[in-house]
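Structure record follows, encoded as structure tokens.
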Amino acid sequence: MAEEDVVPKTFRALVESADRKFARVRDLPSYGRAQGQHYFQKVFKAYMRLWKYQQEHRPELVKAGLNRWEIGEIAGRIGQLYFGQYMRTSEARFLVEAYIFYEAILKRRYFEGCGVKDLRVRVKELRFYARFLLVSLILNRTEMVKVVVEKLRALIDDCKANFQETNFKEWKLLEQEILRFINIDTTFTIPSSRPFRYCAMLNCHPNSVPYVARFHAKKVLKFRDAILMSYHRNEVKFAELTLDVYRMLQCLEWEPSGSFYQKHPAEPKENGVAVDYSGASGLIDMNLAADMTDPALPPNPRKAILYRPSLTHLIAVSYKSC
């Protein structure tokens, strides 16, 4: 094997290995305790290894034909993994990490300039914008939501013009959903009002709990799990996140600000060794404290988000969440 072929072949092998691992966890349900946690650790490691390799050998890979959208796709997969972990654990640090990767993809324009004739890549870009919108919505990054909406709208119009034989009706409906969602949410939200999330600056601090507990004869219950769902038809929603569930989700979380940015030593462990998922964001040269968990505050309750579930599905989720 020629020396110049080693790097691209190694890169492709790492991509295939990471993609196989990703396929195992992509469709796992986002509810239940420790659901496939060992798989997620393996996938994170695979993508961190892949990301580091492409950084160290970027000139050789570009010379061999590596496209910028391929780098964006890798970063997007890492963002998906972080968002999936947030949905399973409700830990804000994972949501913030997902935002970091998606924002980096947008700012570095990994998908832009990939060529209008490649429909497959354009669909990847559409999916990226849809996922970034969901993360930005949950984090209340209003200005970024507006930016991404405009990007999505322009891309849909461009795709309709250049791929006239392809039906983009579903993407147009998605665009209409997010515009309606933003309009209704803005209309019924007072700009100067306090955030939906629990904020230590505006609410009683958890340190006051022991004093309250003295007035109770029995142990105070801890809120650890919640099932958020909606059954109404024609609700204001984006994808499968309805406006009411979106607001309830925030009401069950701490506001990620202030002391929440402090590093916290507790990390997920594998065979007794700490696993630091923030390494991936370090590889993308982002300087931000990945761990948003404040040890002085209680963790966010786990939340299972369901959209029009059947009775059997609801019972299954309730059982696995126990």
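Note that the coordinates shown come from a computational prediction; the quantities given were computed from them, not determined experimentally. In what follows, every heavy atom counts, from backbone to side chain, and hydrogens, waters and symmetry copies are set aside.
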Quick one, E60 with K63, criterion salt bridge (Lys or Arg N to Asp or Glu O under 4.0 Å). Give me CA distance, side-chain angles, the key distance, then yes/no. CA-CA 5 Å; E60 300 99 306; K63 185 178 179 181; over 6 Å; no
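- In this structure, the separation between CZ on R247 and CG on L228 is 14.5 Å, given to the nearest 0.5 Å.
- Taking 4.0 Å as the cut-off between side-chain N and carboxylate O, D244 and K237 do not count as a salt-bridged pair.
- The closest donor-acceptor contact from the side chain of S136 to the backbone of V145 lies at 3.5 Å or more, if one exists at all.
- Inter-residue side-chain proximity for R68 and I105 is flagged as unmet; no heavy-atom pair is nearer than 4.5 Å.
- In plain terms, the two heavy atoms of A304 and V317 that are nearest each other are CB-CG1, 3.7 Å.
- To the nearest 0.5 Å, atom CZ of residue R308 and atom CE of residue M229 are 12.5 Å apart.
- Side-chain atoms of I71 and Q54, non-hydrogen and from C-beta on, do get closer than 4.5 Å to each other.
- Annotation: cation-pi geometry satisfied between R141 and Y99 (NZ/CZ under 6.0 angstrom from ring centroid, within 45° of ring axis).
- A 4.5 Å side-chain heavy-atom check between Y53 and R49 finds every atom pair outside the cut-off.
- Residues G72 and Y110 share a closest heavy-atom pair of CA-CB, 3.6 Å.
- Taking all atoms of both residues into account, the shortest heavy-atom contact from T242 to F181 is C-CE1, 4.1 Å.
- Rounding to the nearest 0.5 Å gives a distance of 3.5 Å between OH of Y86 and CD of E253.
- Distance CD/E16 to CZ/R20: 6.5 Å, rounded to 0.5 Å.
- A perpendicular orientation is assigned to the rings of F101 and W51, their planes being inclined by more than 60° (bins at 30° and 60°).
- Taking every heavy atom of both residues into account, F11 and L61 meet most closely at CB-CD2, 3.6 Å.
- Heavy-atom contacts from other residues, nucleotides or ligands closer than 6.0 Å to NZ of K124 number more than 12.
- Because its NZ or CZ atom is both nearer than 6.0 Å to the ring centre of F22 and within 45° of the ring axis, R77 counts as a cation-pi partner of that residue.
- Separating the CG atom in D5 from the OG1 atom in T10 is a distance of 10.0 Å, to the nearest 0.5 Å.
- A donor-acceptor contact under 3.5 angstrom links the side chains of S17 and K21, judged on distance only.
- In terms of heavy-atom proximity, N300 sits nearest to S90 at ND2-O, 2.9 Å.
- Tested against Y129, the residues L155, V149, I178 include a single side-chain contact (heavy atoms from CB on, under 4.5 Å) partner, L155.
- Scanning both residues, L50 and A18, for their nearest heavy atoms gives CD2-CB, 4.2 Å.
- If you take CD on Q164 and CG on N162, they are separated by 8.0 Å, rounding to the nearest 0.5 Å.
- Annotation: side chain of T166 is not in contact with side chain of C159 (no heavy-atom distance under 4.5 Å).
- Using modelled atom types, one side-chain atom of Y102 and one backbone atom of Q80 make a donor-acceptor pair closer than 3.5 Å.
- Here the side chains of M248 and K303 are not in contact, with every heavy-atom distance at 4.5 Å or above.
- Contact of the V236 side chain with the N183 side chain is not registered, since no non-hydrogen atoms from C-beta on lie closer than 4.5 Å.
- Residues R153 and E150 are paired through a salt bridge, judged by an N-O separation under 4.0 Å between the basic side chain and the carboxylate.
- Inter-residue side-chain proximity for F132 and M144 is flagged as met; some heavy-atom pair is nearer than 4.5 Å.
- Side-chain contact between E73 and W69: present, with at least one pair of heavy atoms (C-beta onward) separated by less than 4.5 Å.
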